[in-house]
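Structure, as structure tokens:
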Amino acid sequence: MKTLAIYNIKGGVGKTATAVNMAYLAAREGQRVLFWDLDPQGSSTYYFRIQPKVKGGSKGLFSAKHKLLESIKGTDYPNLDLLPADFSYRKLDHTLMGAKKRNSLRQVLKPLRDEYDLVILDCPPSISVLSENVFTASDALMVPLIPTTLSLRTFEQLLKFFRDKKLDLDRIWPFFSMVDRRKKLHRDIVEIFPGEYPGTMDYAIPNSTHVELMGLKRSPVHSFAPRCPAAIAYDGLWTELRERLENL
Amino acid sequence: MRYLLDHDIDLAAFAQDLCKKRSLTALSPLNIQRQFMDSFDWRLYKANVALELELAPGHRKLLWKLTDNSSPDLVFPVPRAKLGFAADLREGPLKDRLAPLLEMRKLIAQLTITTHRQPLCLRDQEGKTLLTLNLEHHQLQDADGQKVEPLPPCLTVEAVRGYDNAFAVCIDYLENKLQLSPSDTSLFQDGLVRLGRYAGDYSSKVKLVLEPSLPAAETTRTILRTLYTTMLRNESGTIQDIDSEFLHDFRVAGRRTRSALSQIKNVLPQTEVDIFKSEFAWLGQITGPTRDMDVYLLDFEKYRNLLPELLKPALDPLKTFLTRHQRSEQQKMVRALRSKRYRDLKKNYTAFLEQETPDSEPPAKAQQPTKKTADQRIWKTYCRLVEEGRAIHPESPAEDLHELRKTGKKLRYLMEFFQSLYPAEDIKALIKSLKLLQENLGNFQDLEVQTHALQGFANQMQQEKIGSVDTFLAMGALCLHLNEQQQQARTEFAERFAAFDDDINRDAFQQLFHKTSRSSMKSKG
Ligand SMILES: Nc1ncnc2c1ncn2[C@@H]1O[C@H](COP(=O)(O)OP(=O)(O)OP(=O)(O)O)[C@@H](O)[C@H]1O
Ligand SMILES: [Mg+2]
């Protein structure tokens with residue numbers, strides 16, 4: 001079982017859109033995928049049309065393993081299950097804070113090892129105790145970057161955090177999201193950045209109305225527009241991601 | 001969950017009624033061709049896996065189900081190329097699962113059913129599916145895809161993880177309101193039964209239940225008949241070259257037949273036994289070259305991996321050569337299997353196996369009880385094996401080991417034929433210990449043959465202008481490796497034989513096959 005987090009300190013950069021589509025593509029290939037919506041806003045839970053409710057709240061989640069298993073819901077897509085967000089996740093940070101453990105999330109995932117091939121964590125923005133848990137629990141972090149200077153600055157903050165905590169920087173995989181080819185700044189950054197950060201993924205996701213439509217359709221982009229440019233870009237990104245995960 | 005419905009049920013009306021009463025949404029109906037895939041020898045089934053291919057316009061699914069339902073079904077995309085060998089699949093989760101189970105065997109459709117399916121969905125107010133009901137009627141196709149006959153219509157319930165309540169309510173409705181009772185067989189099983197078959201109905205192993213007191217002649221015919229059935233079941237796959245194991249099993253059944261004919265002595269009429277011994281030997285000869293090529297091809301990756309990275313690509317022309325020769329040997333073999341001699345062999349042998357009454361002068365031991373014959377034959381062959389084995393010393397020629405291997409094989413076949421006459425655990429343990437010895441002898445012999453064969457191939461390849469200097473260099477390196485392995489097998493022999501020939505084993509053989517009258521008196525007292 002591999003664990004992949006989709007993470008960025010910044011909000012609204014395409015984390016959830018990426019997580020949903022990567023999970024969908026992995027499952028479509030026959031991987032057993034668990035999608036964990038760690039964001040109390042529950043956007044991905046909403047995309048999958050699932051009611052955000054975890055039995056016993058977050059406290060229960062981290063104390064009793066079986067509660068976690070009971071909370072898993074099958075989505076409308078084969079091989080793809082979801083652990084829904086719950087508003088009581090607001091308490092999640094506190095729960096973890098109380099435990100003062102960087103490993104709680106990792107421990108929680110352990111019993112799922114034989115049941116799933118891939119766990120995808122859709123993370124809320126900001127750096128918190130939860131995100132530290134995410135860092136230790138994940139084999140890799142995909143980081144969507146909008147090609148703007150501000151966006152790159154927050155990425156620097158993430159790198160610094162990793163350096164300070166002596167975490168493995170090779171497991172941070174940035175890629176460009178919401179790229180608008182009409183903007184010179186976007187084109188320039190997409191061009192230059194990979195030279196400065198060689199771990200950057202080759203595929204970029206264009207700014208796309210189809211991705212925006214996911215909220216309306218409440219489903220992954222492939223299920224309603226499988227040949228749109230964004231879907232094709234996600235295909236490429238997934239192929240690259242799969243290869244990287246295999247080589248971990 | 002699956003419920004059988006009446007043959008004459010009006011599915012459309014039933015669906016409508018269900019939709020109204022249980023607020024279900026009807027999805028578009030599908031006409032699906034369903035193929036239940038497995039290897040000829042049921043390797044998936046034996047691993048508790050049912051692999052089902054569903055094909056309909058806009059609907060292409062490969063379902064991986066565990067027959068004990070211990071985990072939810074997996075759905076794989078259908079590969080573009082026709083399903084067959086695991087080795088031909090793209091890297092990915094499907095290949096990862098199939099390859100270790102199938103090995104060299106090819107997937108075939110064990111059963112084909114055409115299903116008309118009306119899916120009905122239960123959704124919540126968010127539009128999320130909580131469960132799916134499928135109303136289905138089925139048409140069964142026979143092995144040739146010809147005759148089509150209906151199977152009882154059914155209703156299946158697909159639960160969705162985490163929606164146990166919806167499932168329970170639905171089941172309660174079906175079972176208590178509609179009085180349906182769940183079927184304890186699968187559609188696949190029902191289809192097979194209708195064709196007079198069952199899952200796991202082929203195995204290359206000899207599985208016989210023999211009666212110890214029956215006359216040896218009768219039992220021997222039973223053994224021969226079973227072997228012959230196995231042989232015939234592999235005949236068509238051998239001729240079509242579906243995968244290498246059809247021919248392998250075909251040959252093994254023939255070899256066992258020859259062994260039974262010559263080892264179970266003085267039980268069947270000698271003139272006929274002699275004829276069939278030589279005819280089955282002929283069958284061994286005409287099928288041998290194809291099998292050899294198969295084996296080299298099966299081992300090709302192993303060979304490649306023995307070479308240093310640099311030389312690996314240089315070996316590819318050998319594969320081309322082997323593939324080409326496999327094809328021509330296969331053609332030659334098919335011609336022989338269509339010859340009059342082969343047809344006559346089958347005709348005469350069938351008649352021979354059907355003979356019931358002993359001839360006017362029955363062979364000396366024809367009427368002897370089976371158990372006694374088994375004891376005698378196994379004990380005698382065992383003694384011979386031990387004698388031959390003990391005579392082998394570090395300087396013995398390769399032929400001596402080869403002879404020993406043949407004796408071992410005879411012993412193993414006898415023990416397998418008569419297995420059911422002895423306490424299962426005891427005889428299994430002895431067969432296993434014999435296998436360990438045979439493995440060593442087999443290795444030694446195969447490596448010897450392979451080294452010689454490679455030399456022969458190199459010559460032929462030169463004549464046929466296949467391969468570069470590097471290729472021959474690689475084959476030379478390969479010979480060296482094989483030779484080393486052979487030396488190792490030779491060194492290990494003494495140890496292996498000693499392990500087989502230890503006191504415990506010897507006592508066990510004696511206990512099982514050669515209880516002296518004294519010891520049997522003892523046990524009576
Ligand atoms: N490639 C894209 N093109 C156009 N719009 C996009 C694209 N990706 C995401 N969006 C839109 O941008 C918004 C934010 O996307 P998303 O929810 O995926 O980001 P996020 O990083 O998960 O946000 P948050 O930090 O709030 O969790 C959504 O409205 C989404 O529809
Ligand atoms: Mg999000």
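Every chain is numbered from 1, with letters handed out A, B, ... down the list of sequences. Being a predicted model, the structure only gives us computed values, none of them experimental.
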Need one label for Glu246(A): side chain, backbone, both or neither, based on atoms under 4.5 Å from any heavy atom in chain B. neither
Going from CG on Leu111(B) to CZ on Phe188(B), what distance comes out if it is rounded to the nearest 0.5 angstrom? 6.0 Å
Positive for side-chain contact (heavy atoms from CB on, under 4.5 Å) with Trp36(A), one of Ile120(A), Val134(A), Leu105(A): Leu105(A)
When Leu18(B), Leu178(B), Leu4(B) are each screened for side-chain contact (heavy atoms from CB on, under 4.5 Å) with Leu155(B), the one that passes is Leu18(B)
Donor-acceptor side-chain pairing of Asp81(A) and Tyr116(A) below 3.5 angstrom: yes
Side chains of Trp238(A) and Glu29(A): donor-acceptor distance under 3.5 Å anywhere? yes
Please look at [X] and chain A and tell me whether the side chain, the backbone, both or neither of the residue comes under 4.5 angstrom of a heavy atom of that chain.
| X | result |
| --- | --- |
| Glu158(B) | neither |
| Thr129(B) | both |
| Arg97(B) | side chain |

Pair Phe35(A) and Phe48(A), ring centroids less than 6.0 Å apart: yes
Between Ile50(A), Asp117(A), Asp76(A), which residue shows the highest count of heavy-atom pairs closer than 4.5 Å to chain B? Asp76(A)
Which one, Gly127(B), Cys121(B), Gly92(B), leads in non-hydrogen pairs under 4.5 Å with chain A? Gly127(B)
Pairs of heavy atoms under 4.5 Å with chain A: top-ranked of Val160(B), Leu74(B), Asp124(B): Leu74(B)
